[in-house]
Each structure stands twice: as C-alpha cells, then as structure tokens.
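Below: one structure, written as structure tokens.
The shown structure was predicted, so the numbers you read here are calculated from the model rather than taken from an experiment.
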Amino acid sequence: MLDTNESFEEKLASSIEKVLLGVDSKAYFIVSDILDAHNMTFADCHARPDVLNFALKHLYGDSYVVLVEKIRKELDDFYDKKKVDYFIE
C-alpha cells in the first residue's frame with residue numbers, strides 16, 4: 001500500500017522511472033529529454049500525460065501500451081483509483 005506521505009505525483013514518477021529503467025535505460029533518458037524539452041519532470045506527467053504518451057509512442061509505436069500497463073500495475077496499490085484512471089486514459 002502507498003505510504004500516505006507519498007503523493008500521487010511522487011508514486012507516478014517513481015513508477016514511470018522504474019518501468020522505463022526496467023525496459024531500457026536508453027529509453028529512460030530519451031523520455032527524460034522529451035519531458036525536459038517541455039519543461040517537465042516525471043512527476044509532472046500526472047498533469048500532462050499527453051507528453052508521456054507522445055514520448056512512449058515515439059519510442060515504441062503501438063507497443064507503448066505494454067509500458068502503460070506496466071505503469072498501471074505499479075500504481076495498483078494507490079488508494080485513489082480515479083487519479084490512476086485519469087492518468088492512464
């Protein structure tokens with residue numbers, strides 16, 4: 001279960017980072033660069049999921065869905081399912 005001191009943004013950021021690093025560290029840095037170009041960090045993806053979506057599609061094409069599902073599984077223990085569903089959509 002998520003530590004109540006950990007915000008959704010922090011959990012989301014760590015989940016995205018964990019998934020990307022688990023797949024390919026190069027992908028992590030490419031996504032990080034794309035986010036940086038939009039003046040964003042991984043924690044900002046909750047407010048701008050479209051940028052992360054673009055980055056994942058750019059790197060993985062239609063296979064980006066696999067990464068989205070991995071991120072969703074990382075967030076399964078989060079107590080606010082509405083925030084997770086909003087981000088994943």
Side-chain angles (χ1 to χ4, degrees):
M1 187 67 164
L2 181 68
D3 180 346
T4 55
N5 293 323
E6 185 176 24
S7 71
F8 178 70
E9 292 81 8
E10 292 168 333
K11 176 65 177 172
L12 177 62
S14 66
S15 297
I16 295 167
E17 291 171 334
K18 180 179 177 181
V19 168
L20 289 175
L21 287 169
V23 173
D24 179 11
S25 62
K26 184 177 177 182
Y28 170 87
F29 291 109
I30 292 170
V31 172
S32 180
D33 288 345
I34 291 171
L35 294 176
D36 190 50
H38 288 86
N39 297 315
M40 293 174 58
T41 66
F42 286 101
D44 297 320
C45 289
H46 81 285
R48 295 284 316 275
D50 58 309
V51 177
L52 178 63
N53 188 295
F54 165 80
L56 294 178
K57 284 181 179 178
H58 173 74
L59 285 171
Y60 295 101
D62 291 339
S63 298
Y64 83 99
V65 175
V66 173
L67 295 177
V68 170
E69 284 305 313
K70 287 182 179 188
I71 294 167
R72 180 192 301 270
K73 286 183 182 179
E74 287 292 319
L75 296 171
D76 270 351
D77 64 348
F78 193 70
Y79 62 91
D80 190 342
K81 297 294 184 194
K82 287 182 184 179
K83 283 187 178 183
V84 174
D85 290 342
Y86 170 76
F87 169 74
I88 297 295
E89 286 183 349

Met40 CE to His46 NE2 distance, which is reported to the nearest 0.5 Å: 9.0 Å
Minimum-distance pair of heavy atoms, taken over all atoms of Asp44 and Asn39: OD2-O, 4.2 Å
Value rounded to 0.5 Å, distance of CG in Leu52 from CG in Leu20: 7.0 Å
Intermediate values then yes/no, side chain to side chain contact (heavy atoms under 4.5 Å, CB included), Leu59 and Val31: CA-CA 8 Å; Leu59 285 171; Val31 172; 3.5 Å; yes
Within one Ile-Leu-Val-Met-Phe-Trp-Tyr cluster: Val23 and Val66, side-chain cutoff 4.5 Å: no
Summary of ring-ring contact (aromatic ring centres under 6.0 Å, His included) pairs that have at least one residue in residues 14-40, sequence neighbours excluded: Tyr28-Phe42
Verdict with supporting geometry, Tyr60 and Val68, side chain to side chain contact (heavy atoms under 4.5 Å, CB included): CA-CA 11 Å; Tyr60 295 101; Val68 170; over 6 Å; no
Cys45 to Ile16 - nearest heavy-atom pair and separation: CB-CD1, 3.9 Å
Glu74 backbone acceptor or donor facing Lys11 side chain under 3.5 Å: yes
Smallest separation among heavy atoms of His58 and Ile34, with atom names: CD2-CD1, 4.2 Å
Asp33 atom CG, over 12 foreign heavy atoms within 6.0 Å: yes
Side chain to side chain donor-acceptor pair (under 3.5 Å) partners for Asp50, two or more places apart: Arg48
For Ala43 against Ala13, the heavy-atom pair lying closest together: N-CB, 3.6 Å
Value rounded to 0.5 Å, distance of CG in Leu21 from NZ in Lys26: 15.0 Å
